[in-house]
Amino acid sequence: MTAISVVLPDGSTRELDDGATAFDLASSIGSGLAKAAVAAVVDGSLVDLSTTLHDNALVSIITSTSDEGRHVLRHSTAHVLAQAVTRLFPGAKFSVGPAIENGFYYDFDLPGGATFSADDLDAIESEMRRIVDEDQPFIRSEMTPSEALALFADQPYKCEIIQRVTAADGDSLDAGEVGSGDVISAYRNCDDFVDMCVGPHVPSTSRLQHFALQRTSGAYWRGSEQARMLQRIYGTAWESKAALQAHLQQLEEAAKRDHRRLATELDLLSFPSEIGGGLAIWHPRGAIVRRIMEDYSRSRHERGGYQFVFTPHLANGKLFATSGHLDYYADGMYPPMEMDNGTYYMKPMNCPMHCLVYGSRQRSYRELPIRLFELGNVYRYERAGTLHGLMRIRGFTQDDSHIFCREDQLADEVASLLDFVLSVLRAFGFDEFTFNLSTKDPEKYVGSDEIWEKATDALRTALDRHGLTYGVKDGDAAFYGPKIDIDVRDAIGRSWQLSTIQADFNNPERFDLEYIGADNARHRPIMLHRALFGSIERFFGVLLEHYAGAFPTWLAPVQVRVLPVSAAHETYARHVVEMLAEKNIRVDSVDAGDALGKRIRAAKLEKIPYVLVVGDDDVAASTVGVNPRGGDVDRDVPLADFMQSILAEITEATAKAMTA
RNA sequence: GCCUGGGUAGCUCAGUCGGUAGAGCAACGCACUCGUAAUGCGUAGGUCGUGAGUUCGAUUCUCAUCCCAGGCUCCA
């Protein structure tokens, strides 16, 4: 038998028998690798382990512990899911089943429009385990589109995909399913299950041990609300039991941090159904934190050269006709109110009002840039199914600003905004950011192409000048202009989109805004929309999850709780409370009705930063026992020392926040 | 808006194959006066989300509606 030679990623070569597969290569390197291998990359393409290697091929083995490997694992598990469903629901039609972050899903159309119930999930998962135990091989075959159409004749969704990819104007959406064009590949597990798929797959179902089905939901075919709703099943799959458990644990951790749960547990706010969906009421504890956030925001803006304005919650519809909101966003606005002299709407944005502030008198080029700031309450009619605690809410407050500037000021203004945004976000404990530039949506925009190009360039230039790397989201812009979005990464690695900076050449035109230039002629200012927190409500929710309810001392609703050991120490406890309160420290005390241990536990569950225990020794020596959140108890601390240290902590955090 | 599941005491949940409900924690009372994450005993608390229908009788079955959860779609 002749030999071939293949090149490994480290540049070394390896001799193999002619006809050897990628799996043979993995085995020749080591049995451990062969066991962990799920696929291979040959000359840059991800392929099955069963792929026959050619001489001089550049080969790397993909193991299940890499991102690519897990992707293969998850995709293969999706196939097993589909097979289980066809066994349990004869006649089920299946559409697509991709791997996604941390897992996979598969969409089905059940006979008679049936739907999955929670019990079905258990049965399907058991069936999947049976298929895994059967150790079925994934066997690849390739065919022409017409052969594929024949093979999948009873699978209308598959046929539609085949027709789309082979059509002249075939879009890339389906390429991931079947590859592009002339050759359609399919994987057969056994006589009665074959699925169209570009692959690769693990060699056999026995490699798919560590998975769990998670939930079912409806999902529109091809993501279109006009299309048929299919039944989707989500699952997760991992390379090992430990990895699966770690993932499930992380989900639990995230659930524990859920801001809706913490908001109830910590008595911060609630969503009474008497008010209606998507509307929150702030309880005293939550309102304190919010007020501190807002005060901080106000003082930062004051120092940043912003001028404060107030505008009403309602406006005549003509205003939103001028701004274009009624043309592009009427569905997302609260329904109109007919009143004596016109049709009124709740405002969905503050910008039209700020345009009126600008336009209220003649402006000189010397005044620019004019930075108008408002904590503006806006109302948007979010569809019922999209509401989600504070994260998606119908009434909220934007830390909103509109900057009117000259064209020659634009780049500097955007650049300094980027600094400003990051500094404010850092003050709240975020230090990992990602940036995205969103460009014109060809379906939904106002203004000329030229204006859009100008605005997009301005944003791009600012990002480049800052040396920031950023993604581009084509077609994601607002209807009036392109934007930069800033995402933060939270304490458990999740990403949240918070801030936005939007360039707008359109509204100044629509509102006919002008300034008198140095040349004594009239000019059009440029407008920047920007919000740092975005929505105060949402930002609060993100913070709550980021800190898991344990706000840093400067933000904590109650900073100190004083606990007298027994009734004899209550007078002294009150004295301690007074001393601290005098320094504007948020402090309370709980008298000795319950056992000390119980009161400490209660304070810990409330996530109060400092618990002060005072007993005989403390009364005698004017000291306190300091029990800090997440730290060790420190007895006999002079009260004056504690006060000094907590004040230093608070002012340091605030000062750092102010100058970060 | 669409799909699935849910709404029982302040919170977390159990339960009723149709005969008006129970636990733990919290609250309140009494005893205990306690040095760093749950002292003991007792009391009170619910027209079982809301409205209608079926029924001798509905928290339970049916329908409508509101709200909540997870997705889909949407998010200026």
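Numbered from 1 within each chain, the chains take letters A, B, ... in sequence-line order. All of these numbers come straight from a predicted model, not from anything done at the bench. Computed over heavy atoms, backbone and side chain alike; hydrogens, waters and symmetry mates excluded.
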Sugar-phosphate, base or nothing in reach of Gly385(A), heavy atoms under 4.0 Å: base
Carboxylate-amine/guanidinium proximity below 4.0 Å for Lys440(A) and Asp449(A): yes
Leu390(A) CG to A69(B) C1', straight-line distance once rounded to whole Å: 16 Å
Sequence-distant partners of Arg494(A), side chain to side chain donor-acceptor pair (under 3.5 Å), two or more places apart: Asp490(A), Glu545(A)
P atoms of U60(B) and C2(B), separation to the nearest Å: 24 Å
Sugar-phosphate only, base, or nothing, as touched by His388(A) at under 4.0 Å among non-hydrogen atoms: sugar-phosphate
P spacing across the pair A21(B) / A38(B), given as an integer number of angstrom: 36 Å
Whole-Å gap separating P (U4(B)) and CZ (Phe108(A)): 16 Å
Ring geometry between Phe433(A) and Phe435(A) (parallel below 30°, tilted from 30 to 60°, perpendicular above 60°): tilted
Side-chain donor/acceptor contact of Arg383(A) with base of C74(B) under 3.5 Å: no
Trp221(A) CH2 - U73(B) P separation (whole Å): 13 Å
Along RNA chain B (nearest heavy atom to each residue), the more 5'-positioned of Ser224(A) and Asp476(A): Ser224(A)
Ring geometry between Phe540(A) and Phe551(A) (parallel below 30°, tilted from 30 to 60°, perpendicular above 60°): tilted
Pro272(A): partners by side chain to side chain contact (heavy atoms under 4.5 Å, CB included), with sequence neighbours left out: Ser270(A), Glu274(A), Ile275(A), Ile281(A)
Sugar-phosphate, base or nothing in reach of Tyr105(A), heavy atoms under 4.0 Å: nothing
Stepwise side-chain contact (heavy atoms from CB on, under 4.5 Å) check, Tyr157(A) with Leu230(A): CA-CA 11 Å; Tyr157(A) 298 99; Leu230(A) 306 175; 3.5 Å; yes
Whole angstrom value for the distance that separates C1' of A37(B) from CG of Leu563(A): 12 Å
N or O in side chain of Arg260(A) less than 4.0 angstrom from G70(B) OP1/OP2: yes
Sugar-phosphate only, base, or nothing, as touched by Gln231(A) at under 4.0 Å among non-hydrogen atoms: sugar-phosphate
Between C1' of C75(B) and NE2 of His325(A), the distance in whole Å: 13 Å
Set of salt bridge (Lys or Arg N to Asp or Glu O under 4.0 Å) partners for Arg635(A), sequence neighbours left out: Asp617(A)
Side chain to side chain, Asp591(A) and Arg574(A), heavy atoms closer than 4.5 Å: yes
Atom CD of Glu253(A): over 12 foreign heavy atoms under 6.0 Å: yes
Nearest-neighbour nucleotide for the Asp258(A) side chain, C75(B), U4(B), G70(B) considered: G70(B)
From U36(B), C3(B), U73(B), nucleotide with atom closest to Thr386(A) side chain: U73(B)
Basic-acidic side-chain contact under 4.0 Å: Lys347(A), Glu374(A): yes
Rounded distance (Å) that lies between atom P of C25(B) and atom CD of Glu606(A): 18 Å
Residue-phosphate contact under 4.0 Å: Ser217(A) side-chain N/O, U4(B) OP1/OP2: no
Touch class at under 4.0 angstrom, heavy-atom based, for Thr115(A) against every strand present: sugar-phosphate
Check: Tyr220(A) side chain, G1(B) base, donor-acceptor under 3.5 Å: yes
Check: U4(B) base within 3.5 Å donor-acceptor of Arg215(A) side chain: no
Closest nucleotide among U4(B), G71(B), A37(B) to the Leu605(A) side chain: A37(B)
Nearest-Å distance for atom pair NZ/C1', residues Lys604(A) and A38(B): 15 Å
N or O in side chain of Tyr381(A) less than 4.0 angstrom from C74(B) OP1/OP2: no
Contact pattern, 5' to 3', of nucleotides 27-35 of chain B - B, S or - by protein heavy atom under 4.0 Å: -----BBBB
Distance, C1' atom - from C75(B) to G6(B), rounded to whole angstrom: 26 Å
Strand RNA chain B as a dot-bracket string - pairs counted if Watson-Crick or G-U with both distances under 3.5 Å, | where the partner lies in another strand: (((((((..((((.....[..)))).(((((.......))))).....(((((..]....))))))))))))....
Listed partners of Thr216(A) passing side chain to side chain donor-acceptor pair (under 3.5 Å), at least two apart: none
Side-chain donor/acceptor contact of Arg392(A) with base of C74(B) under 3.5 Å: yes
Same-atom distance (C1') from C11(B) to U16(B), integer angstrom: 23 Å
Spacing of Glu265(A) atom CD relative to U12(B) atom C1', expressed in whole Å: 10 Å
